[in-house]
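Below: one structure, written as structure tokens.
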Amino acid sequence: MRRTKIADIIRTEPIGTELLVKGWVKAFRNNQFIALNDGSTPHNMQVVVDFEQLDPAQLERIRFGAAIGARGTLVESQGKGQKVEIKAAEIVIYGDCNPEEYPLQPKKQTLEYLREIAHLRFRTNTFGAVFRVRHTLAYAIHKFFNDRGFYYQHTPIITASDAEGAGEMFRVTTLPIENVPRTDAGEVDFDQDFFRRSTNLTVSGQLEAELAALALGEVYTFGPTFRAENSNTTRHLAEFWMIEPEVAFADLDDNMNLAEDMLQYVIRYALEHCADDLKILEDRLTEEEKSKPQDQRTMPLIEKLRFVTDNSFERLTYTEAIDILKNSNPNKKGKFQYPVEGWGTDLQSEHERYLVEKHFKKPVILTNYPAAIKAFYMRQDDPKEGVPGPTVSAMDILFPGIGEIVGGSQREERYERLVGRMQEMHIPEKELYWYLDTRKFGSCPHAGFGLGFERLVQFVTGMTNIRDVIAFPRFPGNAEF
RNA sequence: GCCUCAUUAGCUCAGUCGGUUAGAGCGGCGGACUGUUAAUCCGUAGGUCCAAGGUUCAAGUCCUUGAUGAGGCGCCA
């Protein structure tokens, strides 16, 4: 007999038919009622057994965590908690679960504890919901881009360019670290290394994605990304997944429109397809926030997501943001740890949070940052009245609770301008000859951005620590599992 | 990397001013019950108080160092 998934039973409710379900025992009450979960839905199926008919030795093995199969008839439930249940005719035990050794318990356990047993935390209601939502978001991203005619590109994970200026990198080498070969000059002899040069794990697929965009028109990447920064926060990982669209013949406005459309689309998709999971996550978050002071609580999760899908993001320039911050109450009263000094320095996260959470109370897109604090590839703006210094066509999208979720820009397509910036910032032109070639041959205006996938999952699930939205998080001092 | 806080039973926590035998709930184990919803009821076992050093007649409690975890900051997605 073929196994039926619990999600399908709940959807079609084929009363009276004989079914076979397989899953894990979430509870066994009264020697009669098995709450069975198979991962296809957050809901459990109640399996009713007749303990007087069942072999006592088998009855004993039905307990929290065990993998079992149950064959029986779907009937309307006499109890109140569920509409239908399976009257079991036969129970098969696939895997026992010794409660004296099993680290999970049928009770609330802290996220910190579950993080230590990440190999088992999939089995909890919370993480089941998180990983179903994570999948749905990933799928929605692919669907969004595919429906719009974007091509998914796979950019290298191992890269020789250490010139991208996007942070510390993990070295990739086959050289013996206990006895590194040296040249006569005493330097590491990369000629003997696997690739015959120094290589690292990628910090971004952007530069390669640009190459593809300047032929295929609209492309995106969605792959693992690595940063060897010693970041210990709730929103940084050493290994994370990033989505990087790149669009030819697009300017900064097109870029902002694309990012906003995409974010609203995928969040709406999750609301439509993961309603039950989001409800579980909302309840969890509400419970967690009960311990917080009233003024630090946020609106309920689903309401917050609807708010983002139904309201356009606030767009303003860095220069305008500085004005708002300078004149803000916390700045005047000296409440900021870093007072807003003036034009030209980067915003601190407390400033971003003020704009998003207090001033506008909605997602904010900041644009046209000072050139000095942004990357070399961003397009240089024409001087503008009222703007104290040179700026670039950059944009950052800031979300409540998360901070920066998207960073992007129109790219500098003018060869001389790009080379000029590279020289200023000491980016070796020789190494990036291939990147510069696109500006030499048929260059065109284009734009793109990077979206931190885990930060998106954080926002949608309401999980406050990024280590809880990826199965096996990598961060300083930890590569377990 | 910096700052703050934490670490007590399998889990979540309490432990007063430094004072005798370190407690609770849940979970486990044994039993009862049998239409339950984190089932309920009765009974029971379970402790390197994070580690090392120090102060003291006496340390879970105070001090020093370290480890681990959490939150904040920086870097950013």
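Worth knowing before you read on, the calculation uses all heavy atoms, side chains too, and leaves out hydrogens, waters and symmetry mates. Chain A is the first sequence line, chain B the second, and so forth, proteins listed ahead of strands; every chain is numbered from 1.
- Dashed line: the shortest gap from a side-chain N or O of A:Arg29 to OP1 or OP2 of B:rU36 is not under 4.0 Å.
- Between the side chain of A:Ser231 and the base of B:rC76, no donor-acceptor pair under 3.5 Å is found.
- Listed pair A:Arg63 / B:rG27 fails the phosphate criterion, with no side-chain N or O lying under 4.0 Å from OP1 or OP2.
- Of the side-chain N and O atoms in A:Thr234, none sit less than 4.0 angstrom from OP1 or OP2 of B:rA70.
- Nucleotide B:rC76 holds its P atom 24 Å from the CZ atom of A:Arg474, rounded to whole Å.
- B:rC29 and B:rU37 have their C1' atoms separated by 24 Å, given to the nearest Å.
- Using a distance-only test at 3.5 Å, with no hydrogens or angles considered, no donor-acceptor pair links the side chain of A:Lys358 to the main chain of A:Leu355.
- In this structure, A:Lys80 reaches the bases: a heavy-atom distance under 4.0 Å links it to at least one base atom across the strands shown.
- Note on A:Gly407: only backbone sugar-phosphate atoms sit closer than 4.0 angstrom, heavy atoms only; bases stay farther off.
- Taking the six-membered ring for Trp, A:Phe33 and A:Phe28 have ring centres at least 6.0 Å apart.
- Stem regions annotated for RNA chain B: B:1-7 with B:67-73, B:10-13 with B:23-26, B:28-32 with B:40-44, B:50-54 with B:62-66, counting only runs of 3 or more consecutive pairs of Watson-Crick or G-U type with both contacts under 3.5 Å.
- Taking only distance into account, the side chain of A:Glu85 never meets the base of B:rU37 through a donor-acceptor pair shorter than 3.5 Å.
- Considering only the side chain of A:Pro99, B:rC29 comes nearest among B:rC29, B:rG74, B:rG1.
- Salt bridge A:Arg11/A:Asp8: present, at least one basic N to carboxylate O contact under 4.0 Å.
- Nucleotides B:rU36 and B:rC41 place their P atoms 14 Å apart, quoted to the nearest Å.
- Per the geometry, CD belonging to A:Glu454 stands 14 Å off P belonging to B:rA77, to the nearest Å.
- Contact annotation for A:Ile405: backbone-only contact, meaning every heavy-atom pair under 4.0 Å involves sugar-phosphate atoms and none involves a base.
- A:Asn31 has its CG atom 12 Å from the C1' atom of B:rA39, to the nearest Å.
- Using the six-membered ring where Trp is involved, A:Phe145 and A:Phe150 have ring planes that are tilted, between 30° and 60° apart.
- As rounded to the nearest Å, B:rG53 and B:rA59 have P atoms that lie 14 Å from one another.
- The phosphate of B:rG1 has OP1 or OP2 within less than 4.0 Å of a side-chain N or O from A:Asn230.
- For the P atoms, the distance from B:rU64 to B:rA6 is 13 Å, rounded to whole Å.
- What separates CZ of A:Phe449 from C1' of B:rA77 is a distance of 12 Å, to the nearest Å.
- Checked against B:rA70, B:rC75, B:rU36, the side chain of A:Asn465 finds its nearest nucleotide in B:rA70.
- Contacts between residues 34-56 of chain A and RNA chain B, counted as heavy-atom distances below 4.0 Å, involve A:Gln46, A:Phe51.
- Spacing between B:rC17 and B:rC75 at atom C1', rounded to whole Å, works out to 46 Å.
- Of the possible donor and acceptor atoms, none in the side chain of A:Arg134 sits under 3.5 Å from a partner among the backbone N and O of A:Val457.
- Straight-line distance between the P atoms of B:rU8 and B:rC49: roughly 11 Å, to the nearest whole Å.
- A salt bridge does not link A:Arg235 to A:Glu454: none of the charged side-chain nitrogens sits closer than 4.0 Å to a carboxylate oxygen.
- Taking the C1' atom of each, B:rG28 and B:rA45 are spaced 9 Å apart, rounded to whole Å.
- Using a 4.0 Å cut-off between charged side-chain N and carboxylate O, A:Glu218 and A:Arg148 make no salt bridge.
- Listed nucleotides B:rU34, B:rU36, B:rG74 differ in distance to A:Phe33; the shortest reach to its side chain belongs to B:rU36.
- Between A:Arg353 and B:rC73 there is a side-chain N or O to OP1 or OP2 distance below 4.0 Å.
- Aromatic ring pairs are classed by plane angle as parallel below 30°, tilted from 30° to 60° and perpendicular above 60°; the pair A:Phe481 and A:Phe472 is tilted.
- Taking the centre and axis of the six-membered ring of A:Phe399, the NZ or CZ atom of A:Arg455 falls outside the cone set by 45° and 6.0 Å.
- Nucleotides B:rA58 and B:rC11 have their P atoms positioned 33 Å apart, rounded to a whole Å.
- In this structure, the nucleotide among B:rU36, B:rC75, B:rA77 sitting nearest to the side chain of A:Leu237 is B:rA77.
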How would nucleotides 3-12 of chain B be written as a contact map, 5' to 3', with B for base contact, S for sugar-phosphate-only contact and - for no contact, using protein heavy atoms under 4.0 Å? -------BBS
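- Remark: C1' of B:rU34 and CD of A:Gln78 are 13 Å apart, rounded to the nearest angstrom.
- Checked for salt-bridge contact, A:Asp396 and A:Lys374 meet the test: a charged N lies under 4.0 Å from a carboxylate O.
- Of the candidate nucleotides B:rA70, B:rG74, B:rG35, B:rG74 has the atom lying nearest to any side-chain atom of A:Gln348.
- As judged by a 4.0 angstrom heavy-atom cut-off over every strand, A:Tyr338 is placed among residues touching the sugar-phosphate backbone only.
- Taking the charged nitrogens against the carboxylate oxygens, A:Glu246 and A:Arg411 do have a contact shorter than 4.0 Å, which makes a salt bridge.
- Ion pairing between a basic and an acidic side chain is recognised when a charged N comes within 4.0 Å of a carboxylate O; A:Asp38 and A:Lys22 show no such pairing.
- Screening A:Gln206, A:Glu412, A:Arg421, A:Gln410 for a side chain to side chain donor-acceptor pair (under 3.5 Å) involving A:Tyr377 leaves a single residue, A:Gln206.
- Using a 4.0 Å cut-off between charged nitrogen and carboxylate oxygen, A:Arg379 and A:Asp251 do not count as a salt-bridge pair.
- Nearest-nucleotide mapping onto RNA chain B: of A:Phe240 and A:Ser349, the residue sitting toward the 5' end is A:Ser349.
- Distance A:Ile466 CD1 to B:rG72 C1': 16 Å, rounded to the nearest Å.
- Here the C1' atom of nucleotide B:rC76 and the CZ atom of A:Phe399 are 17 Å apart, to the nearest Å.
- Residue A:Ile280 contributes atom CD1, which lies 13 Å from atom P of B:rA38 at whole-angstrom precision.
- One finds a side-chain N or O of A:Arg467 lying less than 4.0 angstrom from the OP1 or OP2 phosphate oxygen of B:rA70.
- Considering only side-chain atoms of A:His236, the nucleotide from B:rC75, B:rG1, B:rU36 that sits closest is B:rC75.
- A:Lys279 pairs with exactly one of A:Asp277, A:Asp283, A:Asp276 by the side chain to side chain donor-acceptor pair (under 3.5 Å) rule, that one being A:Asp283.
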